[in-house]
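Inspection log for the structure reproduced underneath, given as structure tokens.
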Amino acid sequence: MLKALLNLTSRRTFALMEYRPAELDAKWQHYWREKQTFSADFPSDKPKFYVLDMFPYPSGAGLHVGHPLGYIASDIVARFKRHQGFNVLHPMGYDAFGLPAEQYAIQTGQHPERTTEKNIERYREQLDRIGFSFDWSREVRTCRSDYYHWTQWIFIQLFHSWFNEESQKAEPISTLEEQLAAHGTAGVRGSHHGEPLCSASDWAAFGPGEREALLQHYRLAFRSESVVNWCPALGTVLANDEVIDGRSERGGHPVVQKPMLQWSLRISAYAERLLIGLDGLDWSDSIKETQRNWIGRSQGARVRFELPDLPETSLEIFTTRPDTLYGVTFMVVAPEHPFLDALTTQDQKSEVTAYQEMASRRSERERQADTKSISGAFTGSYARHPFSGALIPIWTSDYVLMGYGTGAIMAVPAHDSRDYAFARHFDLPMVEVVGGGDLQVSSHDAKEGQLINSDFLNGLDVKDAIDRAIQEVESRGLGERRIQYRLRDAVFGRQRYWGEPIPVHYRNGIPETLPESELPLILPVVDAYLPTEDGEPPLARAATWESREGLPLETTTMPGWAASSWYFLRYMDPKNDQSFARREALDYWGQVDLYVGGSEHGTGHLLYARFWGQFLFDRGLIPFAEPFQKLVNQGMIQGLSAFVHRVEGSQTYVSAEAADQHACQAIHVDVSLVNEKDELNLDAFRQWMPAYAQAEFDPPQGPIKVRREVEKMSKTKHNVINPDSICELHGADALRLYEMFLGPLEQSKPWDTNGLSGVTGFLRKVSRLMDKRHAGAASKEELKTLHKLIDKIQRDMESLSFNTSVSAMMIAVNEWGAMSHLADQTLADFAVLLSPSAPHLAEELWNQLGHSESIAYAPFPVLDPALLIEDHQQYPVQFNGKTRFMVEVPQGTPAAEVEALVRGHEKTAGYVEDKQIRKVIVVPGRIVNVVIG
RNA sequence: GCCCAGGUGGCGGAAUUGGUAGACGCGCACGACUCAAACUCGUGUUCCCCUGGAGUGCGGGUUCGAUUCCCGCCCUGGGCACCA
């Protein structure tokens, strides 16, 4: 006690308020939790504001300092909006189904639910330490049955819907059934796959199996036999966005193409709406562009080529260049094309079959890696040119993809570089139909030039020729104008355990959705998280896997993106057990006003969530079509990796500056083993891993310097900084401020813990301002500082420029630090300005200034613009654009007087010398420029 | 190859509509306080051939004036890619 007292009095200045961040963090986090400070009101008369973060997958590794960056930004906005009087919805939850927990379950036998819950607990601890103002009473966990009940329910709505291209929206499947009963498929304009065909009398005669088989071609949730991405290592299929460079996004396992009967969602029906909808969204250009690329709209025509050997049918192709129809010298079909067998002549049979086999064995990755080598086989048969009637040889090659267009192309080697390469390789003829190129060198792909060798198209420009050719094709009934999208239907079933069961049972093999009263369909207990011996998914291991009617249930589960496609709706009414969210709550909270998350979800989550949003809107289930009006993608926080240099073939480590004198290997070393001078802790290094226990150093006692490099922050690079340790040492407010101070939110930037001292120093200065408090009126100069800051922070909040608002606060505090007294009211107003970024210290200041309620709902100080006006104006004086000196005049001095002052200024003559003043430009309030010459 | 974003001191970055380039912070240097250390405070810090000159990736242009606008190029990061 005495010691503590001595210690206290020995401090040079006795501060009224000593800054102890650890105490403040604990005190106020406890207070917020007890008082439920941040629970959002519903119903409410206040205007609403919905700030959302992309919810995390709770991984076993926990959070590093990069993860909370976006959460801090959104939390600042949430707190700011509360000060502005908004009723703020700022929730958090967990995207809890996922592959890592299941992989771990396979290895350990532990139920993925247990590891997931454990990870969630750890996440919650880490998040709590940072002082977020989340409304935890609204937390969702997607693996809980009270949540996935509604994921399953939405699936059922998708199943019972079709996309009517006439009305451009989803409708109940019953409206399709009415059309089918009236006139069969003729005149039905619905998004579909394959070639559904029936007449009204067929439909009437159909049994339930035949009807369902037809409806499956139109349902938004459907089963189809299609070529899918199969990942043998994970034992499941994957959607296109989950495959990167031919490998699985999670785990990097090889992916092969394989035809399978699969559940899919018809996102392709929404391609045009998803594309157009982007225009109205306040998202970054780059992420909109990513989605546009992914949707991949291209305009052209479908054209049918007659097949003399197969008179019943014709070969349909898609082309964006119908103007080049007279340049067609061969056709190419994909190796998986359904007509290929029939098209292949006896002579070519062995060659084509061998080629098909070769192509099917190649994985997606191999194909992508090897786009230069050209391969293919001649089928032996011919198609008839629709205009000239000439016979055109049909080839097969894997440069034509079954999944795009019709799986067949008309090859125009003179004007398509891929066709050109193919023709060169197999020595096929070329016909130039657009002038301006040189076939000796390359194909002429550009959409410019005049048509030649093309009968009725001759002399037209490419653009006009395209239109003319389509007209001709349509009028002759050979095809039609067509818009093609790259976006493909999303495979929805996963041969996995840890996901939502698909609420479908089979009656005589016909899929039916479960009655809604049977939801949720609970994930069953299984004895192992592996496929069964005959290759069935893990759910088939359940003792009984049957619906209440005793019918067999679907055994695949939903993919990770199912739950995240609608979670933002559940936060509005998280405990509702009658519907996914009640209508009044949906109407009140509406769209997400600000969504913060990583740009890596551009083609996955953000597209699927928009798709579900459009669908739910079409079916009248939500009052808006686009879920996220404004989106901000936070940048990555990179790690500052450290490398030690080992002399090759030895156990000797040398300092970085000596490394070039030896042949050295650079080895990642954990950044916690390095001090702020970049010196390695030698003992700690020896103990770090057994491999380094015998390490020798040159010089033996050090110092051994490491080399630094900016890299992605990750465990394998040993450069991870944990937010807990920052909070423990410097407090949550310092972490929050520093993450914002580092730079613009959207930008990637390296983390350097050394820089933290800037913001901790700032926080200490803030707490020391309390020594200057007095009850009297505020001075003019302290108010000027205050109102400059109010102005700056208001503008920065709108533009999400949190880095500059932190520096503005630093400037204000530096100014106040030079003043002898500060009014209580000034300090209280400042506390509110500080509160969004550094809430713990702000609460403490507010409390010490005599407020008993939390600062969280204190009104934002009102700007008095009169206080911003200076009574004097500084003008920089330039000569030919170079600033030379300053003049000071009273505010509002007329330009002519300023000019006269500058002309007569003693320094002016020295810069003019023997030249003439040509002109004097006075920009009021800005600058004076004297033009001499 | 096509598309998008970006390039400013030793470092992170600032400059809101074309108007003092380098705010704020780190680091560094010097000084004060201290028995000492930490903390804290103060001063300086774009570069150079320093009464001046150059300078925002490079080369041009528009302008009284360009980090900001226009044209051409280079580099970095991201997206798409036998998509017909």
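Quick note on labels: first sequence line is chain A, next is B, and so on, each numbered from 1.
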Quiz prompt | Check: B:rC64 base within 3.5 Å donor-acceptor of A:Asn929 side chain | solution =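 When only heavy-atom distances are counted, A:Asn929 does reach the base of B:rC64 through a donor-acceptor pair under 3.5 Å.
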Practice problem: Rounded off to whole Å, could you give me the CG-to-C1' distance for the A:Leu401 and B:rA81 pair? | Solution: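 In whole Å, B:rA81 C1' and A:Leu401 CG are 11 Å from each other.
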Practice problem: Give the rounded distance in Å between these two atoms: OH of A:Tyr19 and P of B:rU40. | Solution: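 For the pair A:Tyr19 OH and B:rU40 P, the rounded distance is 13 Å.
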Quiz item: Do A:His730 and A:Tyr738 have ring centroids that are under 6.0 Å from one another?
Solution: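 Aromatic pair excluded; centres sit 6.0 Å or further apart.
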Quiz item: Got a salt bridge between A:Glu316 and A:Arg304, using NZ or NE/NH1/NH2 to carboxylate O under 4.0 Å?
Solution: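 Result for this pair is yes, salt bridge flagged.
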Which is true for [X] with a 4.0 Å heavy-atom rule: it touches a base, it touches only sugar-phosphate, or it touches nothing?
X        : result
A:Asp752 : nothing
A:Lys792 : base
A:Met886 : base
A:Val923 : base
A:Gln484 : nothing
A:Ser748 : sugar-phosphate
A:Val759 : nothing
A:Arg488 : base

Quiz item: Relative to the 5' end of RNA chain B, which residue comes earlier, A:Ser286 or A:Ser298, by the nucleotide with the nearest heavy atom?
Solution: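 Mapping each residue to its closest nucleotide by heavy atoms, the 5'-most match is A:Ser286.
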Practice problem: Would you mind telling me which residue lines up with the more 5' stretch of RNA chain B, A:Thr804 or A:Gln874, judged by nearest nucleotide? | Solution: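 Residue closer to the 5' terminus by nearest nucleotide: A:Thr804.
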Quiz item: Which word best sums up how the rings of A:Phe426 and A:Trp395 line up, parallel for under 30°, tilted for 30 to 60°, or perpendicular for over 60°?
Solution: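 Rings of A:Phe426 and A:Trp395: tilted, as their planes differ by 30° to 60°.
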Exercise. Report the relative orientation of the aromatic rings in A:Phe422 and A:Tyr399; use parallel for angles under 30°, tilted for 30 to 60°, perpendicular for over 60°.
Key: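 Plane angle between 30° and 60°, so tilted.
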Exercise. Verify the contact: side-chain N or O of A:Arg764 to OP1 or OP2 of B:rU40, cut-off strictly under 4.0 Å; return yes or no.
Key: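 Answer yes for this pair, as a side-chain N or O of A:Arg764 is under 4.0 Å from OP1 or OP2.
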Quiz item: Can a side chain N or O of A:Asn293 be found less than 4.0 Å away from OP1 or OP2 on B:rC4?
Solution: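 For B:rC4, OP1/OP2 do not have a side-chain N/O of A:Asn293 under 4.0 Å.
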Quiz item: Of A:Lys705, A:Arg708, A:Arg707, which is the lone residue that meets salt bridge (charged side-chain N to carboxylate O under 4.0 Å, His left out) with A:Asp678?
Solution: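 In the set A:Lys705, A:Arg708, A:Arg707, the residue that makes a salt bridge (charged side-chain N to carboxylate O under 4.0 Å, His left out) with A:Asp678 is A:Arg708.
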Exercise. Have a look at B:rC50 and give me syn or anti from its glycosidic angle (syn if within 90° of zero).
Key: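 Syn conformation here, the glycosidic angle of B:rC50 being no more than 90° from 0.
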Self-check item: Paired stretches of RNA chain B - 3 or more consecutive Watson-Crick or G-U pairs, each distance under 3.5 Å
Solution: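 Stems for RNA chain B, defined as runs of 3 or more consecutive pairs: B:1-7 with B:74-80, B:10-12 with B:24-26, B:27-32 with B:40-45, B:46-48 with B:52-54, B:57-61 with B:69-73.
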